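Have a look at the structure below before the remarks.
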Amino acid sequence: MAIWTVTNSTELANAIAKATDGDEIKVAGGTYAELSVKAKVYDTPIKITSLDPSNPAIFSKVVIYASTGVVLDGLTFEMLPTATSTTASSAVMVDQSSKISILNSKIAGGPSINGVDPTATALDATGNVIGLPFGRGVTISKSTDVLVSGNDISSVGKGVVLVGSSGVTIHNNEIHDLRTSPIVGAGLNNITITSNHTYNYTPWKWGETYGDHGDLIHIWTDSNLQSSASTNIVIKDNFLTQGTGTALLGIFFENNTPTFGFEQVVIENNVISNANNQAFRLERVSGTVANNTAITPDNSMLKGSPGLIGADGSNLTITNNLIGHVTVYADSASIQSGNMIVT
């Protein structure tokens, strides 16, 4: 194992090109251009860190593409708004890669400088609203075995976006001050979302027919990304709060295909403090919902106390939750015990 110390972008690119299994690249404090790792395979992951944790290396963004075995730890990614920024811009992009870890880093965007005026009645091709956060903190696309842990993700449109991926763990992150949703994704299997804290959302024209939609955690099926049900999704020990922002919907499993749905789902020990009556909306979900607390942070409830809706062929075991209501539609089945209904 070698340790590389680099002080500029040229040295960094050279170190990534020459690094071998288990090497560590320590980057001196300062501002760098894009951090790029493309078509590199390390059987023992390489690690890229800041040389001085109190003076972290700052990158405009990172792209990891078609690569295996990379750990980014203790870095800063500042995605500054430009005239070409869109809602799909990402501070951290992991694409078609595996064994990737994003750890203990600061990931941030800022208010958009392009797009439509906040008073507009439709979005343009950028999807941006001037003055509101843009883009994504982390995008994980068609990748496996990815860990996102211990990060502070803020001032972006969406916190973490998952696309057609498996074996992803999102753990112990602070995700806040967003335009819409903290965690979203489609076409997923073997996903673990644990111990995250989310708060403060400013969706554009919330509640209007052409305005933003937002959920605290939103997972859906997509026939372009999967050919069967999404399986083994665990959402546990998260603290999902409204903060000083708008009351988004809560944990939403959305079945956009006739028969796929979600199997082996565990939703356990989460606290949702949010003034929206849908703390959980579960469509064609088979699994357990246990030991969760869903309460409103004040008296400004939207459509009643936050509770659970099971629909579209769900088969649920619902136990020991403190919750505003449990509503299971006639097209679904449930076993319920030990729930306390609070209003």
Side-chain angles (χ1 to χ4, degrees), residues 158-159 170 173-185 193-203 206-208 211-220 233-255 262 265-285 287-312 314-332 334-343:
K158 291 181 171 65
I170 303 170
N173 302 282
E174 195 97 352
I175 308 175
H176 59 99
D177 295 285
L178 313 174
R179 176 170 157 187
T180 58
S181 300
I183 301 171
V184 303
I193 301 171
T194 54
S195 302
N196 301 285
H197 181 202
T198 74
Y199 53 94
N200 295 359
Y201 326 102
T202 54
W206 176 254
E208 300 188 27
D212 285 338
H213 175 87
D215 308 271
L216 301 175
I217 297 176
H218 185 189
I219 298 174
W220 63 97
I233 299 175
V234 176
I235 300 176
K236 185 176 179 180
D237 299 328
N238 299 286
F239 186 29
L240 311 175
T241 69
Q242 181 177 335
T244 59
T246 298
L248 305 181
L249 280 73
I251 297 174
F252 183 15
F253 280 70
E254 183 177 10
N255 184 44
F262 309 88
V265 172
V266 176
I267 303 172
E268 184 175 296
N269 202 38
N270 302 283
V271 174
I272 298 177
S273 177
N274 189 46
N276 187 297
N277 84 314
Q278 294 190 53
F280 308 91
R281 183 177 178 89
L282 309 177
E283 298 178 355
R284 207 172 187 85
V285 172
T288 62
V289 183
N291 303 308
N292 300 284
T293 298
I295 55 174
T296 182
D298 54 31
N299 291 323
S300 59
M301 293 180 291
L302 177 64
K303 300 180 181 178
S305 301
L308 182 151
I309 295 175
D312 196 22
S314 287
N315 188 353
L316 301 167
T317 299
I318 305 168
T319 60
N320 300 327
N321 301 284
L322 185 94
I323 199 166
H325 63 90
V326 177
T327 305
V328 179
Y329 292 167
D331 61 9
S332 299
S334 68
I335 298 171
Q336 301 181 38
S337 67
N339 299 297
M340 180 176 287
I341 305 302
V342 295
T343 60

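We use all heavy atoms of the structure for the numbers below, so side chains are in, but hydrogens, waters and symmetry mates are not. No experiment lies behind these values; they were computed from the predicted model shown.
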Answer whether the closest heavy-atom distance between the side chains of [X] and [Y] falls below 4.5 Å.
X: I272; Y: L216; result: yes
X: V184; Y: W220; result: yes
X: T317; Y: V289; result: no
X: H325; Y: N277; result: yes
X: S314; Y: V285; result: yes

Nearest heavy atoms of [X] and [Y], plus distance in Å:
X: I251; Y: L282; result: O-CD2, 4.3 Å
X: N270; Y: D237; result: OD1-N, 3.3 Å
X: A247; Y: A275; result: CB-O, 3.3 Å
X: Y329; Y: A311; result: CD1-CB, 3.5 Å
X: F262; Y: I219; result: CZ-O, 3.7 Å

Query raised in the report: What residue among N196, N173, T194 forms side-chain hydrogen bond (donor to acceptor under 3.5 Å, both in side chains) with N238?
Result: N196
Query raised in the report: With under 30° as parallel and over 60° as perpendicular, where do the rings of W206 and H213 fit, or are they tilted in between?
Result: tilted
Query - Step-by-step side-chain contact (heavy atoms from CB on, under 4.5 Å) determination, I341 to V326 - result: CA-CA 8 Å; I341 305 302; V326 177; 4.1 Å; yes
Report task. With sequence neighbours left out, write down each residue that passes side chain to side chain contact (heavy atoms under 4.5 Å, CB included) with N339, or none if nothing qualifies. Result -> I318, N321, Q336
Query - Pair Y201-T180, side-chain contact (heavy atoms from CB on, under 4.5 Å): steps then yes or no - result: CA-CA 6 Å; Y201 326 102; T180 58; over 6 Å; no
Would you give the length of the straight line joining atom [atom1] of [X] to atom [atom2] of [Y], rounded to the nearest 0.5 angstrom?
X: F280; Y: F253; atom1: CZ; atom2: CZ; result: 10.5 Å
X: K158; Y: I175; atom1: NZ; atom2: CD1; result: 13.5 Å
X: L178; Y: N200; atom1: CG; atom2: CG; result: 8.5 Å
X: E254; Y: R284; atom1: CD; atom2: CZ; result: 14.5 Å
X: T296; Y: Q242; atom1: OG1; atom2: CD; result: 7.0 Å
X: L316; Y: I309; atom1: CG; atom2: CD1; result: 12.0 Å

With sequence neighbours excluded, what pairs up with [X] under the salt bridge (charged side-chain N to carboxylate O under 4.0 Å, His left out) test?
X: D212; answer: R179
X: E174; answer: none
X: E283; answer: R281

Query raised in the report: Are N292 and I267 close enough, and set up right, to give a side-chain contact (heavy atoms from CB on, under 4.5 Å), and what steps lead you there?
Result: CA-CA 8 Å; N292 300 284; I267 303 172; 4.1 Å; yes
**Report entry** Polar side chain donor-acceptor pair, D215 to S181, under 3.5 angstrom
**Finding:** no
Requested in this report: Sort out for me which residue in V271, T198, I235, L248 forms a side-chain contact (heavy atoms from CB on, under 4.5 Å) with L240.
Outcome: T198
Query - Those residues that, when tested against F239, pass ring-ring contact (aromatic ring centres under 6.0 Å, His included) (two or more places apart) - result: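 With sequence neighbours excluded, F239 shows a ring-ring contact (aromatic ring centres under 6.0 Å, His included) to H197, given in chain and number order.
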Query - Test item: N315 side-chain N/O and G287 main-chain N/O as donor-acceptor pair under 3.5 Å - result: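 Flag not set: sc N315 to bb G287 has no pair under 3.5 Å.
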Report task. Determine yes or no for a side-chain-to-main-chain donor-acceptor pair under 3.5 angstrom, with S305 supplying the side chain and G324 the backbone. Result ->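 The answer is no, because no donor-acceptor pair under 3.5 Å joins these two groups.
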Query raised in the report: Can you name the side-chain hydrogen bond (donor to acceptor under 3.5 Å, both in side chains) partners of N274, sequence neighbours left out?
Result: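 Once residues adjacent in sequence are excluded, N274 has no partner under the side-chain hydrogen bond (donor to acceptor under 3.5 Å, both in side chains) criterion.
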Report task. Give the C-alpha distance, both sets of side-chain angles, the deciding distance and a yes or no for side chain to side chain donor-acceptor pair (under 3.5 Å) between N269 and N291. Result -> CA-CA 5 Å; N269 202 38; N291 303 308; over 6 Å; no
